[in-house]
There are 2 protein chains.
Amino acid sequence: MTAPQTQGISILLVDDHPVVRQGYRRVLEHQDDFHVVAEADNAADAYRAFKAHAPAVVVMDVLMPGASGLEAVRNIRSRSSSTRILVFSMHSEATQVKAAFNAGANGYVTKGSAPGELIRAIRAILRGEQAISDDIARVLALESLSPTGSALDQLGEREIEILRQLAAGATTEQIAANLNLSMKTVQNYHYLIKTKTGMRTDAQLVRLAVECGLASL
Amino acid sequence: MTAPQTQGISILLVDDHPVVRQGYRRVLEHQDDFHVVAEADNAADAYRAFKAHAPAVVVMDVLMPGASGLEAVRNIRSRSSSTRILVFSMHSEATQVKAAFNAGANGYVTKGSAPGELIRAIRAILRGEQAISDDIARVLALESLSPTGSALDQLGEREIEILRQLAAGATTEQIAANLNLSMKTVQNYHYLIKTKTGMRTDAQLVRLAVECGLASL
DNA sequence: TCCAGCTTGGGAAATTTTCCCAACGAACCT
DNA sequence: AGGTTCGTTGGGAAAATTTCCCAAGCTGGA
């Protein structure tokens with residue numbers, strides 16, 4: 001079940017854009033000891049390819065249609081704790097990065113990074129380190145300086161779930177039905193979420209939810 | 001001011017992600033007569049590179065930080081009507097595609113397209129045709145079948161502007177101040193927009209605005 | 001045990017939403 | 001010209017929601 005080490009480092013490459021995969025494949029195979037053994041363009045195929053090839057490293061874009069890439073990261077991590085998973089993404093928000101590491105990623109590199117950073121990150125996670133690209137490091141560093149963590153830290157589980165559904169477009173009535181609550185309770189949560197987060201309009205709440213990775217689109 | 005034809009087809013490649021540019025460069029230069037003469041990673045540099053190299057074709061990602069890529073398309077088009085501009089984008093929404101063509105693009109290909117489609121599109125626009133990738137064709141075809149065009153088609157200018165500001169997170173009061181209207185008028189627009197678009201919550205309005213390219217994130 | 005914090009909801013005033021309506025001007029058609 | 005449509009701007013009034021205060025049950029920790 002562990003990856004073969006005899007002929008270099010086996011890599012599974014996951015991205016939904018063929019051209020982007022070509023770019024990464026080229027960058028990766030420029031390293032003599034790297035070998036892309038499989039590609040996938042969605043989360044389900046990624047998991048299948050992982051089981052079939054048991055690669056030493058999974059390089060994955062978390063932004064894919066259908067099932068979330070983070071879902072795939074979680075699945076892979078639950079199956080193998082030794083596989084190194086490097087996430088690359090368009091996003092450099094701290095919440096996105098944390099979500100990736102929570103899901104089991106070993107590294108996080110933005111798509112804007114230079115090719116060399118990707119290589120360095122892979123070598124780092126192969127040594128057992130955690131790797132992030134320079135721009136991510138800057139974002140996280142700045143965030144750690146600010147007294148306010150993620151806006152979600154101040155919210156309870158129930159509040160987060162209601163914020164998620166609000167951002168998804170659900171009405172108060174639908175949320176109440178979904179969670180078996182009275183509309184009154186949902187209204188109170190709605191208000192509480194706004195005051196706690198300092199958002200004044202529902203539109204701002206949606207943007208917050210998206211920033212925090214609670215909602216997409 | 002026109003591109004030299006003697007040594008093949010000169011191409012300017014614009015994308016903010018270095019690795020993505022590498023992927024495209026590889027695909028493009030696999031064609032003997034294609035030659036990438038310059039790259040740029042933002043709208044301003046793209047315009048500068050265009051003026052410096054006068055490429056026959058500009059291949060550009062419209063989704064870039066800072067100034068919109070569409071802005072750059074407009075600038076280039078206003079300077080040269082003979083330059084062929086191929087837009088590629090993550091998005092396949094009809095409104096995005098129309099916006100690109102309105103800005104002066106000759107073709108539109110999604111990043112999810114196979115490399116061959118990109119090549120075909122470039123050859124097509126070089127012949128003076130308009131080119132779109134298969135998935136875009138499907139989206140536009142379906143849209144032309146449905147009686148409802150884009151959700152924005154049914155909205156007036158003022159309504160669109162108010163929707164934009166709502167989605168951006170502005171309060172009724174702020175919008176009224178921004179547009180020199182009474183709050184009552186803004187409220188009426190807000191309601192009218194919801195009924196016209198069939199959206200029930202403000203969160204759904206935000207999602208609609210994002211889908212239509214009125215707002216980001 | 002007691003406190004703190006999450007969860008759940010009632011109550012009531014303040015505010016907004018909802019839908020009705022009217023008026024003005026511009027564009028368009030005849 | 002005259003008429004019609006449509007976008008824009010707002011008033012009014014009932015309905016609904018938001019806002020804020022309060023309380024009770026529950027859980028986990030000091």
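In what follows, every chain begins at residue 1, and chains take the letters A, B, ... in the order their sequences are listed. Any value given below was found using the heavy atoms of this structure, including those in side chains, with hydrogens, waters and symmetry copies removed.
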* Asked: When you look at B:Lys196 and B:Leu155, which way does the side chain to side chain contact (heavy atoms under 4.5 Å, CB included) test go after all the steps?
  -> CA-CA 8 Å; B:Lys196 275 192 180 181; B:Leu155 298 183; 3.7 Å; yes
* Take B:Arg21 and B:Asp16 through the test salt bridge (Lys or Arg N to Asp or Glu O under 4.0 Å) and record every step on the way to the result. => CA-CA 8 Å; B:Arg21 283 205 305 278; B:Asp16 55 330; over 6 Å; no
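In the set D:dT18, C:dT18, C:dT17, the nucleotide with an atom closest to the side chain of B:Tyr191 is C:dT18. Comparing C:dT7, C:dT18, C:dG9 against the side chain of B:Lys184 picks out C:dT18 as the nearest. Of the candidate nucleotides C:dT16, C:dC20, C:dT8, C:dT8 has the atom nearest to the side chain of A:Arg158.
Across the protein-nucleic acid pair, B:Ile193 atom CD1 and C:dT18 atom P stand 12 Å apart, rounded to whole Å. Taking atom CD of residue B:Gln187 and atom C1' of nucleotide D:dT8, one finds them 16 Å apart after rounding to whole Å. Summarising the geometry, the separation between CD1 on B:Ile175 and C1' on C:dT16 is reported as 14 Å, rounded to the nearest angstrom. Rounded to whole Å, atom C1' of C:dT16 lies 11 Å from atom CG of B:Asp202. Taking atom CG of A:Leu163 as the reference point, atom C1' of C:dC6 lies 17 Å away to the nearest angstrom. One interatomic measurement links the two molecules: CG of A:Asn178 to P of C:dT8, which rounds to 13 Å at whole-angstrom precision. D:dT9 atom C1' lies 13 Å from atom CG of B:Asn180, rounded to whole Å. Atom CE in A:Met183 sits about 12 Å away from atom P in C:dG10, given to the nearest Å.
With a 4.5 Å cut-off on side-chain heavy atoms, B:Met60 and B:Ile76 count as touching.
For C:dT17, the OP1/OP2 oxygens have no side-chain nitrogen or oxygen of B:Lys194 closer than 4.0 Å. Distances shorter than 4.0 Å separate none of the side-chain N or O atoms of B:Thr185 from OP1 or OP2 on D:dT9.
Nearest approach of B:Arg207 to A:Ala215, heavy atoms of both residues: NH1-CB, 4.4 Å. B:Asn106 and B:Arg77 make their closest contact through OD1-NH2, 2.8 Å (heavy atoms, listed as atom of the first residue, atom of the second, distance).
When the nearest nucleotides of DNA chain D are assigned to B:Asn188 and B:Gly156 by heavy-atom distance, the more 5′-ward of the two goes with B:Gly156.
Counting non-hydrogen atoms under 4.0 angstrom, A:Ser182 reaches the backbone sugars and phosphates but no base.
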